[in-house]
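The figures here come from the full heavy-atom set of this structure, side chains too, leaving out hydrogens, waters and symmetry mates. Below, read A as the first sequence line, B as the second, and so on, with proteins coming before strands; counting in each chain starts at 1.
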Number of protein chains: 2
Amino acid sequence: MSTTEETGPRARLIEAAGEVFAEHGFRAATIREITRRAGVNVAAVNYYFRDKEELYSATLLHAHKAACTLRPEDAGALPPEDRLHHFVHALLSRFLDPRRPRWHGQLMAREMAEPTPMLRHLIDEVFRPNCRWISGVLSELGGGRFDAEQLDYITTSVLGQCVFYRQNRPIIQSFFPDLLGRDALVDRLARHITDFSLAAIRNLPGKSLHHEHLAESR
Amino acid sequence: MSTTEETGPRARLIEAAGEVFAEHGFRAATIREITRRAGVNVAAVNYYFRDKEELYSATLLHAHKAACTLRPEDAGALPPEDRLHHFVHALLSRFLDPRRPRWHGQLMAREMAEPTPMLRHLIDEVFRPNCRWISGVLSELGGGRFDAEQLDYITTSVLGQCVFYRQNRPIIQSFFPDLLGRDALVDRLARHITDFSLAAIRNLPGKSLHHEHLAESR
DNA sequence: AGACGTTTCAAACAATTGTTTTATGTGGGG
DNA sequence: CCCCACATAAAACAATTGTTTGAAACGTCT
């Protein structure tokens, strides 16, 4: 436990469990395959963790302790356009950066399709704050001319463009064969999604008070 | 077999299997629960279908025979703006229309996270043609000023906004509690996504020929 | 009614699952 | 040297899995 790099059986178990859970899901993942990949005995799971479920919790938690923050530290100083770009870029990094173990995103996609009790915790701790924050940025970009409903739609539009790349790898691979292979992919993609969304926001009509007095609402 | 409503054991099996597969995934779904819900004997699965896998294929297939086409029949006559709107609306209907059994989308979300051999077939038969088609519409909307790479990005932007509502129910429910409950939700949402994308496309610079001559492309 | 193909069912099968038990090794103080 | 807490390993356990079996029930002909 001297460095950040853990090599004990417990850590190897979590790493192997992450891969297997991501590939097959919770129930279909077998303890015997996990322990085989980790190079330890079958009983190790019940020794280091109470049972399979606790191993899963530990794995999910480990995956999100490693997740970097989506918001720039000097948020206040940046113009909202740059804050949006930073957010999109950080989010895409999680999904597409090949240096990140790819089972993080896979596990999350699974939780969406078949939520476990653990998901609620993650939502409250990490997703909701980020969502609130980006929603505020988008509201600022609209200059206060969007009402709550429209702001919800716009927020999901931005999030949707990003998480698409986490949850639809097979489709993307098949439709746009050279898309995922491009170098500096994350940079290009973040640039596009930001520009696309900014262009949309700037030219979207505000709350349909028909057409007059747009500027005086604030 | 006189009407469109099937009530035989085979049909009841498919219906029950759809729910169970959607809830638990292929491997975690048990034949005993499926047959219990369908009100038939355990052996019925191996009688009407060869095995569990063939039941799954039949279920997946059934879910997509029920899927309506995403393209308007009179496509040629409509302006591209309306073709986009129709596409978005039809796609959202699949995910959000409460009259549609909700396990259709769930099953698909699962296939994305853990593709089975069946997925490739679906991609080739139904996804790719639709994707090609909407990509063409978007290209037309851009007046031919987008290159292949940019067009890929724009297509995924539109698709991402739509499929977000299929694959992230727990998130949406938790962040935007009153969003999914709105009446005429599909109509409002389709309107937003269409307007958002159109506004973006109209104001996106074309292939970065830097900054001049934007207006003359049309 | 009797014979026959089809459908349904309860029971049993072998294989695999998560978990527990029991035994074996390992190091460090008394 | 022995004892003991800890770590690892092999084997066994009970429960559940998909699948098969063989007999009973059903309907339809001659």
Side-chain angles (χ1 to χ4, degrees), chain A residues 1-3 5-62 103 107 110-111 114 116-118, chain B residues 1-3 5-62 103 107 110-111 113-118:
Chain A
M1 52 147 70
S2 55
T3 97
E5 199 67 42
E6 262 292 344
T7 66
R10 209 189 123 100
R12 284 212 311 278
L13 266 176
I14 288 190
E15 203 62 30
E19 298 175 15
V20 179
F21 280 137
E23 279 175 35
H24 304 101
F26 176 74
R27 278 192 67 177
T30 75
I31 290 195
R32 282 175 169 83
E33 177 168 5
I34 292 173
T35 52
R36 191 179 47 74
R37 287 204 205 183
V40 301
N41 189 269
V42 223
V45 164
N46 306 89
Y47 181 77
Y48 286 101
F49 308 87
R50 187 162 13 90
D51 53 12
K52 188 184 178 185
E53 208 166 325
E54 190 181 302
L55 170 61
Y56 182 75
S57 290
T59 303
L60 214 63
L61 214 65
H62 172 84
W103 55 266
L107 254 192
R110 262 175 202 295
E111 278 287 336
E114 179 191 356
T116 70
M118 196 66 191
Chain B
M1 54 148 71
S2 55
T3 94
E5 199 68 41
E6 262 291 345
T7 67
R10 209 188 122 100
R12 285 212 310 279
L13 266 176
I14 289 189
E15 202 61 30
E19 299 175 14
V20 179
F21 280 137
E23 279 175 33
H24 305 100
F26 176 74
R27 278 193 68 179
T30 75
I31 289 195
R32 282 175 170 83
E33 177 168 5
I34 292 173
T35 52
R36 191 178 49 72
R37 286 203 206 182
V40 302
N41 189 270
V42 221
V45 163
N46 306 89
Y47 180 77
Y48 287 101
F49 308 87
R50 187 160 16 89
D51 53 12
K52 188 184 178 184
E53 208 165 325
E54 191 181 302
L55 170 61
Y56 182 75
S57 290
T59 303
L60 215 63
L61 215 66
H62 172 84
W103 55 266
L107 254 191
R110 260 174 205 296
E111 278 288 336
E114 179 191 356
T116 69
M118 196 65 192

Looking at A/Y47, I'd like to know whether one of its side-chain N or O atoms comes within less than 4.0 Å of OP1 or OP2 on D/dT8.
no
Has B/N41 got a side-chain N or O lying under 4.0 Å from the OP1 or OP2 atom of C/dA10?
yes
Given D/dT8, C/dT8, D/dT19, identify the nucleotide with an atom nearest to the side chain of B/K52.
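Between D/dT8, C/dT8, D/dT19, the one nearest the side chain of B/K52 would be D/dT19.
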Proximity to the side chain of B/T30 - top-ranked nucleotide from C/dT20, D/dT17, D/dT8:
D/dT17
Spacing between [X] atom [atom1] and [N] atom [atom2], to the nearest angstrom:
X: B/R36; N: D/dT16; atom1: CZ; atom2: P; answer: 14 Å
X: B/E53; N: D/dT17; atom1: CD; atom2: P; answer: 18 Å
X: B/R27; N: D/dT19; atom1: CZ; atom2: P; answer: 12 Å
X: B/F49; N: D/dT20; atom1: CZ; atom2: P; answer: 15 Å
X: A/E54; N: C/dT19; atom1: CD; atom2: C1'; answer: 14 Å
X: B/Y56; N: D/dT19; atom1: OH; atom2: P; answer: 15 Å
X: B/R12; N: C/dT8; atom1: CZ; atom2: P; answer: 9 Å
X: A/R50; N: C/dG18; atom1: CZ; atom2: P; answer: 16 Å

Select base, sugar-phosphate, or nothing to describe what B/Y48 touches, counting heavy atoms under 4.0 Å on all strands.
sugar-phosphate
Please work out if A/A28 contacts a base, only the sugar-phosphate, or nothing of the nucleic acid, heavy-atom cut-off 4.0 Å.
nothing
What do you reckon, is CZ of A/R27 surrounded by more than 12 foreign heavy atoms closer than 6.0 Å?
no
Assign the ring pair A/F21 / A/F26 to parallel, tilted or perpendicular, where the plane angle (0 to 90°) is split at 30° and 60°.
parallel
Quick one: on DNA chain C, does B/R32 or A/D51 contact a more 5' nucleotide (nearest heavy atom)?
B/R32
Heavy atoms, side chains only, cut-off 4.5 Å: are B/L107 and B/Y56 in contact?
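Counting from C-beta outward, B/L107 and B/Y56 do come under 4.5 Å.
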Could you check B/L60, B/N46, B/V45 and say which one makes a side-chain contact (heavy atoms from CB on, under 4.5 Å) with B/L55?
B/V45
With the threshold set at 4.0 Å, does a side-chain nitrogen-carboxylate oxygen contact exist between B/R110 and B/E114?
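No salt bridge links B/R110 with B/E114.
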